[in-house]
**Student:** 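Here it is, the structure in full.
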Amino acid sequence: MSDSLAPAHPEVREFEATVESVDGRDVTLSETYFYPEGGGQPADRGMLGGVAVADVQSREDAVVHTLAEPSGFDAGDTVTGVVDDDFRTYCMRAHTASHVLYGAGRRLLDDLGYGGFGITDEKVRVDFETSTDIDDDVLVDLERLVNRAVWDSRPVSWETRAVEDARGDEGVAFNDKTEEDVMADADSVRVVTVEGWDEAACGGTHVSNTREIGPVTVLDRSNPGKGLTRVEFAVGPVAIDRRAETHRELRAAAREAGVAVDGVADAVSRLADERDDLADDLTSLREEVLVGRVQGLPTVDRDGDGDGDGDANDWRVGIVEGFDANAVGEAAQSVVGDDPDAPDVVAAVGGGPAPFVVVASAGAVDAGEVIDRVTAEFGGGGGGAPTFAQGGGIDADPDAVVAFLAEPEA
């Protein structure tokens with residue numbers, strides 16, 4: 001045989017067939033209702049002649065059933081195949097739901113195309129090619145439209161059409177990413193129709209009416225590649241559980257915020273604004289604290305005459321902890337200046353095993369040369385302009401660096 005009968009007869013769960021070949025654990029049959037992996041849909045599970053089926057694949061002109069253990073079958077034997085009802089039903093619902101989701105996309109998204117599709121035990125993904133930004137509002141509308149189509153109990157049918165005819169029909173979607181193996185070199189293609197909602201070339205198994213899909217919950221979106229938006233959703237029990245958990249969390253948030261459920265968004269927005277205001281206030285306070293610490297660094301007389309009031313004699317040198325080099329550098333530059341009470345130079349050393357050094361100068365002292373002397377003495381690297389420079393990666397105790405900076409030049 002060459003094809004599985006599962007897509008045409010997805011309701012069949014048990015059948016008899018003749019064994020055509022056995023190669024180790026691989027078995028081919030005269031006919032099969034097991035669905036082989038393909039088109040984004042996983043292989044059916046079940047039993048063949050009482051032996052578990054581990055995998056089903058289409059290889060060349062045959063559907064190969066790989067068993068979990070050697071079967072003892074011989075060519076010519078008649079065996080009974082039993083397709084796992086729960087998993088087949090789940091795949092039928094999930095696969096049909098993907099068509100309904102694409103139909104919702106037709107109504108909401110521009111420049112729409114398929115970019116991929118896949119089913120796992122917990123969720124389903126559809127990759128949309130679209131120029132539309134699928135933001136939160138669009139995501140919610142997609143879910144709403146899908147569940148409305150489920151509620152509307154739309155018939156689902158399938159027929160075989162000539163490839164040329166189907167390709168020429170603008171209403172038929174082609175998922176070339178996942179159906180390439182199904183449609184390669186084929187003269188005909190199977191078209192699945194959700195009445196009044198969607199048409200797509202597809203070789204998978206489907207339910208006969210959208211009401212059989214059950215509840216659908218959109219889980220998330222992501223961007224798997226340029227021009228693609230991946231929408232993940234769940235059907236059945238996973239969808240129900242996820243929706244219940246979301247509802248529980250929403251009600252908990254409303255309770256904490258002291259508002260009704262429909263007021264959570266506004267409450268969160270207000271809290272976000274308050275948080276931002278507090279963050280701005282905190283930043284301003286930290287800046288004030290830092291400037292105060294820099295202004296309060298000990299004054300040293302670098303000329304060694306003890307009066308501390310000669311040209312470029314007024315240096316503030318010391319350790320500043322709890323702030324990064326950039327912040328300390330900005331504070332140091334704000335402190336030096338032409339004001340009589342302002343220091344001529346600020347040399348601040350960061351705490352830690354590999355301290356940084358920032359030097360801000362009113363102009364009489366070259367800050368870059370000071371950093372060069374520090375790194376020549378203690379290692380590390382850095383540089384800058386005459387009025388501001390900084391260095392880092394210094395291999396010395398911060399107190400030793402401060403002492404070096406405080407010493408008069410030879």
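Fair warning: this is a prediction, and the values are worked out from it, not measured in the lab. Note that the numbering runs from 1 along the sequence shown for the chain.
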**Student:** Please report the closest heavy-atom contact between Asp366 and Pro386, naming both atoms and the distance.
**Tutor:**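 Nearest heavy atoms, Asp366 then Pro386: OD1-CA, 3.5 Å.
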**Student:** I'd like to know if Asp26 and Arg59 make a salt bridge, using a cut-off of under 4.0 Å between side-chain N and carboxylate O.
**Tutor:**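 A salt bridge is present here (some side-chain N lies under 4.0 Å from a carboxylate O).
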**Student:** Look at the side chain of Thr132 and the backbone N and O of Ile134, then say whether any donor-acceptor pair between them is shorter than 3.5 Å.
**Tutor:**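 Between the backbone of Ile134 and the side chain of Thr132 there is no qualifying donor-acceptor contact (under 3.5 Å).
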**Student:** Is it the case that atom CD in Glu245 sees more than 12 heavy atoms from other parts of the structure closer than 6.0 Å?
**Tutor:**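 Counting neighbours around CD of Glu245, more than 12 heavy atoms of other residues, nucleotides or ligands fall under 6.0 Å, so yes.
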**Student:** Going by the salt bridge (charged side-chain N to carboxylate O under 4.0 Å, His left out) test, name the single residue among Arg125, Lys123, Arg242, Arg221 that passes it with Glu232.
**Tutor:**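 Checked Arg125, Lys123, Arg242, Arg221 against Glu232; only one passes salt bridge (charged side-chain N to carboxylate O under 4.0 Å, His left out): Lys123.
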**Student:** Ignoring hydrogens, what is the shortest heavy-atom contact between Ser361 and Val365? Give both atom names and the distance.
**Tutor:**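 Of all heavy-atom pairs spanning Ser361 and Val365, the closest is OG-O, 2.6 Å.
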**Student:** I'd like to know whether Thr299 forms a side chain to side chain donor-acceptor pair (under 3.5 Å) with Arg316, so could you lay out the CA-CA distance, the side-chain angles of the two residues, the decisive distance to 0.1 Å, and finally the verdict.
**Tutor:** CA-CA 5 Å; Thr299 300; Arg316 306 282 174 86; 3.1 Å; yes
**Student:** In Å and rounded to the nearest 0.5 Å, what is the CG to CG distance from Asp137 to Leu142?
**Tutor:**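 If I round to the nearest 0.5 Å, the distance is 11.0 Å.
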**Student:** Under 3.5 Å, is there a donor-acceptor pair linking the side chains of Thr160 and Ser188?
**Tutor:**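 Absent: no donor and acceptor within the cut-off.
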**Student:** To the nearest 0.5 angstrom, please state how far the CG atom of Asp136 sits from the CG atom of Asp141.
**Tutor:**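 Between atom CG of Asp136 and atom CG of Asp141 there are 11.0 Å.
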**Student:** Could you check whether any side-chain N or O of Asn175 sits under 3.5 Å from a backbone N or O of Tyr114, counting only pairs where one atom can act as donor and the other as acceptor?
**Tutor:**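 Side chain of Asn175 to backbone of Tyr114, a donor-acceptor pair under 3.5 Å: no, none is there.
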**Student:** Tell me yes or no: between the side chains of Gln41 and Thr205, is some donor less than 3.5 Å from an acceptor?
**Tutor:**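 Side-chain D/A pair, Gln41 to Thr205: present.
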**Student:** Please check this pair: side chain of Asn147 against backbone of Glu143, looking for a donor-acceptor N/O pair closer than 3.5 Å.
**Tutor:**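 Flag set: sc Asn147 to bb Glu143 pair under 3.5 Å.
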**Student:** Indicate yes or no for a side-chain donor-acceptor contact from His95 to the backbone of Arg93 under 3.5 Å, with no hydrogens or angles considered.
**Tutor:**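 Not at all, since once roles are kept as given, no pair shorter than 3.5 Å links the two residues.
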**Student:** So, do Phe117 and Tyr102 have ring centers that fall under 6.0 Å from each other?
**Tutor:**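 No - the distance between ring centres of Phe117 and Tyr102 does not fall below the 6.0 Å cut-off.
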**Student:** Are any side-chain N or O atoms of His65 and backbone N or O atoms of Val27, one a donor and one an acceptor, separated by less than 3.5 Å?
**Tutor:**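 A pair under 3.5 Å: yes.
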**Student:** Between Arg270 and Asp273, is there a side-chain N and carboxylate O pair less than 4.0 Å apart?
**Tutor:**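 Asp273 and Arg270: not salt-bridged.
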**Student:** For the backbone of Ala252 and the side chain of Glu256, can you confirm whether one donor and one acceptor N or O come within less than 3.5 Å of each other?
**Tutor:**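 Answer holds: no.
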**Student:** Pro42 and Cys91: which non-hydrogen atoms are nearest, and at how many Å?
**Tutor:**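 Answer, listing the atom of Pro42 first, then Cys91: CG-SG, 3.9 Å.
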**Student:** With a sphere of 6.0 Å drawn around CZ of Arg251, does it hold more than 12 non-hydrogen atoms of other residues, nucleotides or ligands?
**Tutor:**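 No, because the 6.0 Å sphere around CZ of Arg251 holds 12 heavy atoms or fewer from other groups.
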**Student:** Nearest 0.5 angstrom please: Arg275 CZ to Leu282 CG, how far?
**Tutor:**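 So the gap between those two atoms works out to 13.0 Å.
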**Student:** Walk me through it: do Val138 and Leu109 pass the test side chain to side chain contact (heavy atoms under 4.5 Å, CB included)?
**Tutor:** CA-CA 9 Å; Val138 173; Leu109 309 177; 3.9 Å; yes
**Student:** With a 4.5 Å heavy-atom cut-off, do Leu285 and Thr283 have their side chains touching?
**Tutor:**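 They are not in side-chain contact.
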**Student:** Relative to Trp197, does Arg107 satisfy both conditions: NZ or CZ under 6.0 angstrom from the six-membered ring centre, and within 45 degrees of the ring's axis?
**Tutor:**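 Satisfied, under 6.0 Å and within 45°.
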**Student:** Any Lys/Arg nitrogen of Arg45 or Asp121 sitting under 4.0 Å from an Asp/Glu carboxylate oxygen of the other?
**Tutor:**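 Looking at Arg45 and Asp121, the cut-off is met.
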**Student:** What are the two closest non-hydrogen atoms of Met47 and Phe34, and how far apart are they?
**Tutor:**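 Distance-wise, the nearest heavy atoms are O-CZ, 3.5 Å.
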**Student:** Can you tell me how far the CZ atom of Phe404 sits from the CD1 atom of Ile394, to the nearest 0.5 Å?
**Tutor:**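 The distance works out to 10.0 Å.
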**Student:** For the residue pair Ala331 and Val291, what are the closest heavy atoms and their distance?
**Tutor:**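 Between these two residues, the closest heavy atoms are CB-CG2, 4.1 Å.
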**Student:** Both conditions, 6.0 Å and 45 degrees, for the charged tip of Arg167 above the ring of Phe174: are they met here?
**Tutor:**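 So Arg167 does make the cation-pi contact.
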**Student:** Output yes when a side-chain donor or acceptor of Asp84 lies under 3.5 Å from a complementary backbone atom of Gly46, and no otherwise.
**Tutor:**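 No; judged by distance alone, with no hydrogens or angles, the pair does not exist.
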**Student:** Please give me the minimum heavy-atom distance between Asp110 and Thr130, naming the atom from each residue.
**Tutor:**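 Shortest heavy-atom separation between Asp110 and Thr130 comes out as O-OG1, 2.7 Å.
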**Student:** Side chain of Arg25, backbone of Ala54: donor and acceptor closer than 3.5 Å?
**Tutor:**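 Pair absent, no side-chain N/O of Arg25 close to backbone of Ala54.
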**Student:** Can you measure from CZ (Arg161) to CD (Glu199) and round to the nearest 0.5 angstrom?
**Tutor:**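 Between atom CZ of Arg161 and atom CD of Glu199 there are 6.0 Å.
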**Student:** Distance only, no hydrogens: is a donor on one side chain within 3.5 Å (strictly under) of an acceptor on the other, for Ser334 and Glu330?
**Tutor:**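 Ser334 vs Glu330: no donor-acceptor pair found between side chains.
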**Student:** Examine the side chains of Asp111 and Ser131 and answer whether a donor and an acceptor come within less than 3.5 Å of each other.
**Tutor:**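 Yes, a side-chain donor-acceptor pair sits under 3.5 Å.
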**Student:** Report the distance from atom OG1 of Thr375 to atom CG of Asp395, rounding to the nearest 0.5 Å.
**Tutor:**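 Answer rounded to 0.5 Å: 12.5 Å.
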**Student:** Do Arg13 and Thr89 have a side chain donor and acceptor closer than 3.5 Å?
**Tutor:**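 Looking only at side-chain atoms, Thr89 and Arg13 do form a donor-acceptor pair, the distance falling under 3.5 Å.
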**Student:** For the side chain of Thr193 and the backbone of Ser157, is there at least one donor-acceptor N/O pair under 3.5 Å apart?
**Tutor:**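 Absent.
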**Student:** Do other residues, nucleotides or ligands put more than 12 heavy atoms under 6.0 Å from Asp85 CG?
**Tutor:**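 It does: Asp85 CG has more than 12 such atoms within range.
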**Student:** Verify, without hydrogens or angle tests, whether Arg88 (side chain) and Pro10 (backbone) share a donor-acceptor contact under 3.5 angstrom.
**Tutor:**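 Side chain of Arg88 to backbone of Pro10: a pair is present.
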**Student:** Side chains of Thr217 and Arg243 only: does a donor on one sit below 3.5 Å from an acceptor on the other?
**Tutor:**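 Side chains of Thr217 and Arg243: pair found under 3.5 Å.
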